[in-house]
Structure formats: C-alpha cells, structure tokens
Amino acid sequence: VNAGRRIYAKFATAACYYIYDTSTNQILRVSKELWEAIDSYLAKRDERNDVGTTQPVVVRTPIEQEIEDGLAQGFLGWCDVRSMGFYDDESQLREAIARKLPQLTLELTQACNARCHYCPYTYDSARRSTPRCMSWSTLRNAVATFMSHSVDQRRRSISFWGGEPLLAFRLMRRAILYVAATYPGASVTYQFTTNGTLLNEDAIAFFVNHDCVIVVSLDGPAPIHDRHRLDYRQNGTFERVIAALRRIRRNSEEYYRTRVRFACVITPQTDLPSLSAFFRDEELCRGHPVTMNVVGATPAFTGQYGAFTADDKQRLRMQMLKEILADNGRPSTPLGIAGVKALLPIAMRSRCVLGSAVSPNGCCVPLLKKMHVSVSGDIYLCERMDYDNRVGNVNEGGIDLGAVMNLVREYCDHSIEDCRSCWAVRLCHACYRDFICGNRWSGDDRVKACANSRRRTLEALTDYAAVIEVNPQAFDDVFGM
Amino acid sequence: MVPIDPNGIERMADDVPRQESCICWCGGGEGMTESLVGFIAKP
C-alpha cells in the first residue's frame with residue numbers, strides 16, 4: 001500500500017488539453033480522450049492498490065495503455081508531503097537573518113500631499129490628521145540595525161517610503177549622506193517611490209549626484225491618471241508629473257534613461273488599450289520599466305472606482321494575454337510584460353520530483369526579502385504587512401528573532417495539513433500577509449482563500465500553456481525584462 | 001503525456017522560497033494595490 005496520493009489538476013486552452021502533475025511539477029499535454037478518462041481510470045486502479053491486492057493491472061484500451069505508459073515514465077506519482085519550512089533547521093535561518101539582509105525600507109513620513117482614491121492611507125483618519133515623521137535617531141538606529149545584519153551582502157539597497165517621501169526630502173538627503181560618510185566602503189543603492197509632484201531642481205540634482213532610482217507613480221495618459229491621482233486640493237497631478245519628468249531629463253538624459261521607472265495602478269475603469277499605447281508611444285516613458293499594479297480586490301473604499309468584478313479581471317487577463325501573443329510570446333508593451341512576469345512563477349518552477357518537504361507557499365524567508373521600518377521604528381517583513389505584525393523595533397532591541405521564528409512556525413503548523421493534499425502546493429503564492437494577524441494564525445477565510453488561489457493558479461497555468469503553444473521558447477530569457 | 005517544458009528555466013526547488021515572484025509596493029507601487037502577480041496567483 002502506497003503512502004500519500006496522486007495529485008493533479010486538469011485544464012484546457014482553446015486548442016489543447018493538459019494535466020498539471022504535482023509529483024513531477026510538469027505540465028503534460030494530453031489527448032482529449034485521455035483527459036476525460038484519466039480520473040475514473042486512476043480511481044479504479046488505486047482503489048485496488050489501496051486494499052493491498054497484488055492483482056496485475058488489466059489494460060483494456062489504447063487510452064488506458066497510454067496512461068500506464070505515463071505512469072511508467074514517472075508521471076502522476078504518489079505525493080507524500082510531510083513537512084513545511086525553510087532550510088533544514090532554524091539555526092540556518094537565524095544565521096541568514098544575522099548576516100544577509102539585502103534591503104532596508106524606511107517609512108520616512110506618513111504625510112502625503114496627494115489623495116489618491118485607492119491609497120489606504122488616504123482613508124486612514126488617524127494617519128491623515130496626525131501624520132508622523134521618522135526621527136533622526138530612529139533612522140540612524142534603523143540604518144545601524146540593517147548594516148550590522150547585512151555584513152555578507154556585497155550590494156545593499158535602501159528604499160524610502162511614505163506617505164510621500166519627498167515631503168521628508170531633507171531627512172532623505174541627510175540619511176544618504178550619513179550612510180555614505182559612516183560606511184564609506186559599503187556599496188549601497190537608493191531608491192524611492194514618489195507621486196512626482198515635488199521633484200524640484202535641487203532635489204533632482206541631489207538624486208542625480210547620488211544615482212538614486214526614482215519610481216514615479218504614473219497611471220497613463222491624463223484622462224486615466226487624473227481620474228484617481230489627485231492632490232489634496234482635489235486637482236489632477238498629471239501635468240506636474242510630466243513637468244517633473246522633463247526637469248529630470250534636462251538635468252541628465254543618461255540618468256533619466258537608466259534610473260527613472262514608473263509604477264502604474266490599474267482600476268476597473270482603466271482603458272487598457274489606451275494605457276498600453278501611452279507607455280509605448282509617450283517619449284518620456286518609452287523603454288522605461290513599468291510596474292503594473294491593480295487596485296485591491298476588496299478594499300473598503302471602492303466608491304470612487306468600484307470593485308473589480310470577475311468580468312473586469314477576465315478583461316484584464318485577456319488583454320495581457322492578447323498583448324503577449326501578439327508579440328509571439330515576447331511582448332514589448334508594459335501590460336504584456338507584466339503578463340509575462342505574472343507567469344514567471346510557472347516558468348521558474350522546480351522540475352524535480354516532489355519530496356517530503358515543501359517551502360511555505362509564497363512566503364519570503366523573513367527579512368531576507370527586506371526589512372521594513374515604520375516611522376516609529378517598528379520592524380516588519382515588508383510594507384504590505386499590517387501594523388500588528390511587527391517583529392521588533394530598531395529603538396528597542398532590534399530584530400525580535402523569537403517573533404520571526406514564531407511567525408514561520410504559525411504559518412507552517414497551520415498550513416501543512418491543507419497544503420499536503422493540495423495540487424497547487426508547489427505553485428501557490430499565499431504568504432504571511434494572507435493569514436497572519438497579530439503574529440498569530442488567522443485563517444478564518446482559509447477555505448475561500450485557498451479556493452481562489454487554486455482558481456488563479458489554474459488560470460495562470462492555462463495562460464502559460466497558451467503562450468507556450470505559440471512560442472515554446474517564450475520564457476527562455478525573460479529574467480532581464 | 002508530453003511535458004510542454006520539461007527542462008525549462010528551473011530556478012526553484014521545493015525547499016527554496018518562492019519570494020522572487022513577490023512584487024513589492026515600495027519598489028514600484030504604492031498604497032492599497034495588489035500586484036498583477038498577486039492578481040493571478042494570490043488568494
């Protein structure tokens with residue numbers, strides 16, 4: 001009698017039928033007849049196996065023989081996941097956190113001069129009425145904590161976050177000069193995300209001199225951008241952003257070409273073809289990396305733009321796929337590139353046979369993606385974690401390793417039982433943020449969340465297979481995108 | 001049963017974290033948004 005079970009999922013594109021095999025992590029193209037027959041055949045075959053009989057398998061049809069051939073090749077084998085976690089033991093995790101942190105993100109200020117409709121901070125009355133700034137001593141402690149925990153990193157990165165970080169430009173400038181003076185041998189790159197309305201000549205000159213990467217929020221052409229990206233007086237910001245971009249380019253064309261990136265947020269109303277045309281045709285944007293984001297599926301304040309419906313999501317998905325396929329699997333438009341990047345987790349998946357251990361879904365190794373520090377010095381795994389999930393404070397002892405370890409244990413202990421029998425266990429990208437609250441497991445919506453994850457993973461597999469049908473080499477060298 | 005990308009560009013093993021696919025707000029996004037990766041692959 002075998003331990004474990006066979007786990008797989010079936011899907012189809014317009015042209016072909018597929019089985020995703022969890023045991024080998026392979027995507028198998030099959031005939032329609034096999035696709036339809038496999039469930040019942042394997043059920044009958046394994047029923048005999050489960051009762052421990054040694055009866056030989058009786059193959060009656062060519063399809064059954066084809067399935068047997070696949071099994072003989074090692075496909076659709078038994079999965080028996082017994083553990084979930086990082087590394088072999090916790091000491092390796094502790095060692096990594098002690099020496100290898102790659103990135104520090106500093107919440108310089110909670111103040112912002114914009115009132116973008118989809119920003120949660122716009123609707124956070126406590127934050128709006130008393131926006132706080134990071135103190136100099138907190139900033140210094142954050143830098144010291146980060147630098148002492150990253151001695152094995154040859155290249156470190158420090159990001160500035162807000163609110164609008166340029167409202168704290170003097171603090172940002174002081175921080176960059178401080179790091180350069182205090183750690184003269186360290187290779188540190190700087191970047192920040194800005195709404196682009198406060199980039200004056202002095203600030204630009206400083207950023208050019210210190211080679212800072214600037215990520216400018218730009219949602220597309222004026223009619224799209226100004227719909228939701230408003231300043232505190234409720235005026236659109238498009239013209240000011242474009243003027244700032246021209247100022248940066250006037251200062252240094254080379255810097256502009258290599259260090260300016262864009263972040264674009266898509267809402268249900270976004271005219272997707274216009275958006276693509278803008279980033280393709282606008283000379284200030286052409287050739288620059290654009291990160292595409294969609295507004296959260298269920299924010300509590302969708303009055304200004306409505307929630308994404310299933311139809312909206314399908315429309316976006318189809319537009320991305322259309323742009324990918326139009327370019328033979330090598331898109332040049334930001335939306336097409338975003339679509340390919342969304343499929344990268346499928347392309348990059350392991351091709352080895354499933355063992356007895358898996359990593360905790362899409363969870364990062366705590367702090368090895370980044371260390372996010374709030375205005376008050378609280379430490380988080382990233383800027384997306386809620387405020388009640390802190391794992392230390394830079395002013396009060398630094399990183400709380402116990403809290404970090406507990407976070408991982410909470411996630412793994414509560415996930416393993418569901419994940420070990422789930423066909424998506426090797427592709428799922430759920431993370432702490434989805435199920436951890438107050439550093440404790442909070443999986444009340446677990447069943448629904450997992451069903452959604454499986455549905456989206458199946459959609460991604462379908463899109464991936466559709467792209468491979470057009471161009472089998474589509475994902476061979478996408479890491480430079 | 002024919003694997004469509006048997007060798008591919010393997011970058012991950014099961015005991016290696018999949019954090020490469022995580023898109024941050026701070027590196028190219030802000031506020032209450034969800035990455036397209038998340039849109040497709042997250043609960």
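Note on naming: letters A, B, ... go to the chains in the order of the sequence lines (proteins, then strands), and numbering restarts at 1 for each one.
Minimum interatomic distance between B:Pro3 and A:Gln26 (heavy atoms only, all atoms of both residues): CB-OE1, 3.7 Å.
Looking at A:Leu106, there are no atoms closer than 4.5 Å to chain B (heavy atoms on both sides), in backbone or side chain. With a 4.5 angstrom heavy-atom cutoff, A:Ala451 does not touch chain B via any of its atoms. When heavy atoms are compared at a cutoff of 4.5 Å, A:Leu76 approaches chain B solely by way of its side chain, counted from C-beta outward. For A:Ile468, the part lying near chain B is the side chain, with the backbone staying farther off; criterion is any non-hydrogen pair under 4.5 Å.
Residues B:Met1 and A:Leu71 form no side-chain contact, since every pair of their non-hydrogen atoms from C-beta on lies 4.5 Å or further apart. Side-chain contact between B:Asp5 and A:Phe475 is absent, with no heavy-atom pair separated by less than 4.5 Å.
Other residues, nucleotides and ligands contribute over 12 non-hydrogen atoms within 6.0 Å of the CG atom of A:Asp69.
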